[in-house]
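In what follows, a structure is listed as structure tokens, so that the remarks can point back to it.
The structure displayed is predicted, hence computed values, not measured ones. Basis for what follows: all heavy atoms, side chains included, without hydrogens, waters or symmetry-related copies.
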Amino acid sequence: MNHKSTYLQSLVNALKGGEKRYFQHFTKAFTAADETPLYLQLFGLLVKGENEIQNKLQGNSPQTLTIAKKQLYGNILKSLRLFHAEKSANITVQNLLADIENLYNLGLA
């Protein structure tokens, strides 16, 4: 039986040191200096290898933790795309095409 909750733990465990640092810098760009969002707290626990996340983040509903896990997973994938953006010609072309599509949808050249 495959549990979706293990996907996030597997993703965090698979990150290399530079990728983890990039993710932390990536997220700081979108948070206030004195603010630590729940998904960043969750990331810190997963990096440390904490198993009892529910106990560590008491006071948060299961729905809130589910949302934080989805947000963390999505943000990790975004930061990985940016981190590895220049390593592959295919990724570079896909990013440029996405930029063109976004500009076109905005009615810009």
Side-chain angles (χ1 to χ4, degrees):
M1 181 180 210
N2 199 353
H3 296 286
K4 289 184 179 180
S5 62
T6 61
Y7 293 157
L8 181 59
Q9 181 67 52
S10 298
L11 176 60
V12 172
N13 290 340
L15 294 175
K16 294 175 180 62
E19 294 167 337
K20 289 177 186 175
R21 278 189 303 279
Y22 187 85
F23 173 73
Q24 290 171 334
H25 291 295
F26 173 78
T27 56
K28 285 181 184 178
F30 302 104
T31 57
D34 59 342
E35 180 184 350
T36 305
L38 184 59
Y39 73 92
L40 282 180
Q41 295 173 25
L42 180 61
F43 179 74
L45 291 173
L46 290 171
V47 167
K48 292 178 185 175
E50 298 286 341
N51 293 329
E52 298 297 322
I53 293 171
Q54 298 280 349
N55 296 338
K56 299 285 183 178
L57 297 175
Q58 290 178 346
N60 296 299
S61 69
Q63 294 85 6
T64 305
L65 287 175
T66 300
I67 291 169
K69 288 177 182 179
K70 287 180 182 179
Q71 190 176 19
L72 176 60
Y73 193 83
N75 285 339
I76 289 173
L77 292 179
K78 286 177 191 175
S79 73
L80 282 173
R81 277 193 298 272
L82 289 172
F83 184 77
H84 295 286
E86 300 299 321
K87 291 186 178 183
S88 165
N90 287 337
I91 294 173
T92 302
V93 170
Q94 288 176 350
N95 288 339
L96 290 172
L97 289 173
D99 291 343
I100 291 169
E101 183 178 354
N102 289 331
L103 290 171
Y104 178 79
N105 290 336
L106 292 171
L108 301 171

Can you list the steps and then say if I91 with K87 is a side chain to side chain contact (heavy atoms under 4.5 Å, CB included)? CA-CA 8 Å; I91 294 173; K87 291 186 178 183; 5.9 Å; no
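A 4.5 Å side-chain heavy-atom check between P37 and L40 finds at least one atom pair inside the cut-off. The shortest side-chain heavy-atom distance between L15 and V47 does not fall under the 4.5 Å cut-off. The side-chain heavy atoms of L97 and V93, taken from C-beta on, include a pair separated by under 4.5 Å. At least one side-chain heavy atom of L42 sits under 4.5 Å from a side-chain heavy atom of L8.
Just one residue in the list L11, I76, L72 forms a side chain to side chain contact (heavy atoms under 4.5 Å, CB included) with L46, and that residue is L72.
In this model, a donor atom of one side chain and an acceptor atom of the other lie less than 3.5 Å apart for N13 and Q9.
For the pair E19 (side chain) and K16 (backbone), a donor-acceptor distance under 3.5 Å is present. Remark: the backbone N or O of T36 is not paired with any side-chain donor or acceptor of T31 at under 3.5 angstrom.
Distance check, rounded to the nearest 0.5 Å: NE2 of H84 to OG of S79 gives 8.5 Å. Summarising the geometry, atom CG belonging to L65 is positioned 5.5 Å from atom CG belonging to L38; distances are rounded to the nearest 0.5 Å. Atoms OG1 and NZ, on T27 and K78 in that order, are 12.0 Å from each other to the nearest 0.5 Å. Atom CD of Q94 sits about 10.0 Å away from atom CZ of R81, to the nearest 0.5 Å. Note that the CD atom of E101 and the CG atom of L96 stand 13.0 Å from one another [nearest 0.5 Å]. Rounding to the nearest 0.5 Å places NE2 of H25 at 11.0 Å from CZ of F83.
Aromatic pair F43/F23: centroids less than 6.0 angstrom apart.
Ring geometry, F26 versus Y22: the interplanar angle falls under 30°, so the pair is classed parallel (tilted spans 30 to 60°).
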